[in-house]
Amino acid sequence: MWREEENKLKRSLTFKDFKQAMAFMNQVADVAEELNHHPWWSNVYNKIEIELTTHDAGNTVTEKDHELAEKIDKIYDSLIVA
């Protein structure tokens with residue numbers, strides 16, 4: 001689940017393998033481009049760490065971050081259930 005700390009929304013995600021993690025990142029990248037709102041993230045094998053903050057709002061959490069977080073959750077759920 002998402003947690004808000006240090007003016008960021010943060011979430012840690014685990015996938016079955018690297019390939020599934022990369023598929024997730026590619027799908028999120030498409031959504032982030034559509035929203036023109038891009039996450040900070042890191043990936044090591046099957047684990048992804050994501051941080052969302054709105055730079056043009058003084059690096060605080062805004063509705064843009066919550067909107068992207070909701071879309072990320074849907075993508076994650078669709079891959080994990082599949």
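Heavy atoms only: backbone and side chains are in, while hydrogens, waters and symmetry mates are out.
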Pairs flagged by ring pair (Phe, Tyr, Trp, His ring centres under 6.0 Å) wherever residues 31-77 is involved - sequence neighbours left out
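Found Phe15-Tyr76.
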Any residue meeting salt bridge (Lys or Arg N to Asp or Glu O under 4.0 Å) with Glu5, in chain and number order, not counting sequence neighbours
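Only Arg3, Lys10 meet the salt bridge (Lys or Arg N to Asp or Glu O under 4.0 Å) criterion with Glu5.
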Side chains of Gln20 and Leu79 in contact at under 4.5 Å (non-hydrogen atoms)
yes
Would you say the side chain of Asn7 lies within less than 4.5 Å of the side chain of Asn59, judging by non-hydrogen atoms?
no
Set of side-chain hydrogen bond (donor to acceptor under 3.5 Å, both in side chains) partners for [X], sequence neighbours left out:
{"X": "Thr54", "result": "Thr62, Asp65"}
{"X": "Thr14", "result": "none"}
{"X": "Glu4", "result": "none"}

Separation of Asp77 CG from Ile72 CD1 (nearest 0.5 Å)
12.0 Å
To the nearest 0.5 Å, how far apart are NZ in Lys64 and CG in Leu9?
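Taking NZ in Lys64 and CG in Leu9, the distance rounds to 14.0 Å.
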Using every non-hydrogen atom in the two residues, find where [X] and [Y] come nearest and quote the distance to one decimal.
{"X": "Leu52", "Y": "Val61", "value": "O-CG2, 4.3 Å"}
{"X": "Ser78", "Y": "Ile75", "value": "OG-O, 2.8 Å"}
{"X": "Ala21", "Y": "Ile48", "value": "O-CD1, 3.6 Å"}

Pair listing, salt bridge (charged side-chain N to carboxylate O under 4.0 Å, His left out) test, anchored in residues 66-76, at least two apart:
Arg11-Asp73, Glu70-Lys74
Anything under 3.5 Å between a donor and an acceptor, one on a side chain of residues 24-31, the other on a protein residue two or more places apart or in another chain? List them.
unit_1: Asn26; atom_1: ND2; unit_2: Met22; atom_2: O; d: 3.2

Does the side chain of Glu49 come under 3.5 Å of the side chain of Ser12 through a donor N or O and an acceptor N or O?
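Yes, a side-chain donor-acceptor pair sits under 3.5 Å.
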